[in-house]
Amino acid sequence: MQELSEIRLCAAGELDLEKTFECGQCFRWNRRDDAYIGIVRGRAARLFYRGGDVMIECAAEDIPLWHHYFDMDLDYSAISFGDAGEYFAACEEFGRGIRILRQEFWEALCSFIISQCNNIPRIKGIVESLCQGFGEPLEFRGEIYYSFPGPDILATLSPGELAPLRAGYRAPYIISAARAVSLGELTPEALGSREEAVRALCGISGVGKKVASCTALYGLHDMTGFPIDTWMKRALANHFPEDFTPEVFGEYAGLAQQYIFYYARTNGASS
DNA sequence: GAACAGGCAACTC
DNA sequence: GAGTTGCCTGTT
């Protein structure tokens, strides 16, 4: 049993736990009573509010890891998108407190391959089965959790061995991606610029523009990434000019995308 | 039973 | 290159 610390991570206004964990960017944080518990890079943490602060309970030596994961070096309140219209203003207001998490590259790639044509509860279920089946167990607050399995172990599997996940046609995609990453063909270091990264990712069977763009934004923290899925498509068609391009949102377009997506998903794309 | 869900690949023209 | 279709599975 390892020693856990409870420390202040930031002010409550800087990180909205529910929005950040449930806006669709990640799949491994679960609410437990009044807190969220998650596993990242094989390490566990529990986050909750106390007074006006966000508190984190984790191993003391992991504090830098979490600080990085929650992108604490960036002052989100200082980010401005200028005047992008009334609809976007509503999205921005609604999404305030969302932070773009610095997720692991492989986990993001694999999770968003699984996400295609799927809903969040099912994505979470498949990801959880994947972790329980092939991840490493770890103990946290008296319970057992599982790490996200690395590409090396998944690269050795056959689609049949992934069958219990019920991932369907995505199973061979997971394996082909695992092989590419495991062989070193695709590592965050080798991917270079955003355009190069997206192009390289699209070379993997089962990875198209949308999944590549999500992987770049969430797994490489490419904040200019602007994934467009069916929700975004509808929101853009209904509320933005025909000649809209993500560039209008500048270097943090990915955050703007997250605000729009979260608003559209929660309130309906047409409203 | 049919339609659909946070895509993609393969195939058509 | 734009448009169509099948794909596993689960839910409505």
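Here is the naming used below: chain letters follow the sequence lines, and residue numbers restart at 1 for every chain. Please read all numbers here as calculations on a predicted model, not as lab measurements.
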Using the [atom1] atoms only, state how far [M] lies from [N], rounded to an integer number of Å.
N      : M     : atom1 : result
B/dC11 : C/dC8 : P     : 15 Å
C/dA2  : B/dG6 : C1'   : 23 Å
C/dG6  : B/dA2 : P     : 14 Å

Proximity of A/Tyr87 and A/Tyr263 rings by center, below 6.0 Å: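 Yes - the distance between ring centres of A/Tyr87 and A/Tyr263 falls below the 6.0 Å cut-off.
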
[X] has an atom [atom1]; how far is it from atom [atom2] of [N], in whole Å?
X        : N     : atom1 : atom2 : value
A/Arg122 : B/dG6 : CZ    : P     : 11 Å
A/Tyr263 : B/dG6 : OH    : P     : 19 Å
A/Arg170 : B/dA9 : CZ    : C1'   : 14 Å
A/Asn118 : B/dC4 : CG    : P     : 17 Å
A/Tyr218 : B/dG6 : OH    : P     : 14 Å
A/Asp229 : B/dA5 : CG    : P     : 11 Å

What is the 5' to 3' range of DNA chain C, first to last nucleotide, that sits under 4.0 Å from any heavy atom of chain A?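 Listed 5' to 3', the contact boundaries are C/dC7 to C/dG10.
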
Indicate, with a heavy-atom threshold strictly under 4.0 Å, whether [X] touches base, sugar-phosphate, or nothing.
X        : value
A/Ile123 : nothing
A/Arg166 : sugar-phosphate
A/Gly24  : base
A/Ile204 : sugar-phosphate

Below 4.0 angstrom, N of the basic side chain to O of the carboxylate: do A/Arg28 and A/Glu104 qualify?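 Salt bridge: no.
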
Are A/Phe134 and A/Leu162 close enough that some pair of their side-chain heavy atoms sits under 4.5 Å apart?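 A side-chain contact under 4.5 Å exists here.
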
Each base of DNA chain B marked ( ) or [ ] if paired in-strand (Watson-Crick or G-U under 3.5 Å), | if paired to another strand and . if unpaired gives .||||.|||||||

Donor-acceptor pair, distance only, cut-off 3.5 Å: does the side chain of A/Gln25 make one with the backbone of A/Gln258?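 Pair absent, no side-chain N/O of A/Gln25 close to backbone of A/Gln258.
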
Can you measure from CG (A/Leu220) to OG1 (A/Thr215) and round to the nearest 0.5 angstrom?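 It comes to 7.5 Å.
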
Residues which pass ring pair (Phe, Tyr, Trp, His ring centres under 6.0 Å) with A/Phe244, listed by chain and number, not counting sequence neighbours: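 Checked A/Phe244 against ring pair (Phe, Tyr, Trp, His ring centres under 6.0 Å); matches are A/Phe226, A/Phe240, A/Phe249.
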
When you compare the side chains of A/Gln132 and A/Ser129, does any donor N or O come within less than 3.5 Å of an acceptor on the partner?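 No, A/Ser129 and A/Gln132 have no side-chain donor paired with an acceptor closer than 3.5 Å.
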
Establish whether the base of B/dG7 is bridged to the side chain of A/Tyr173 by a donor-acceptor pair shorter than 3.5 Å.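 Under the 3.5 Å cut-off, the side chain and the base do not form any donor-acceptor pair.
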
Mapping A/Phe112 and A/Gly203 to their closest nucleotides on DNA chain B, which lands nearer the 5' end?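 It is A/Phe112, whose closest nucleotide lies nearer the 5' terminus.
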
Here's one to test your reading of the geometry: is the NZ or CZ of A/Arg46 within 45 degrees of the ring axis of A/Phe140 and under 6.0 Å from its centre?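 Judged by the rule (NZ or CZ under 6.0 Å from the ring centre, within 45° of its axis), A/Arg46 is not positioned above A/Phe140.
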
Can A/His67 and A/Asp73 be said to form a side-chain contact (heavy atoms from CB on, under 4.5 Å), step by step? CA-CA 8 Å; A/His67 194 275; A/Asp73 284 334; 3.2 Å; yes

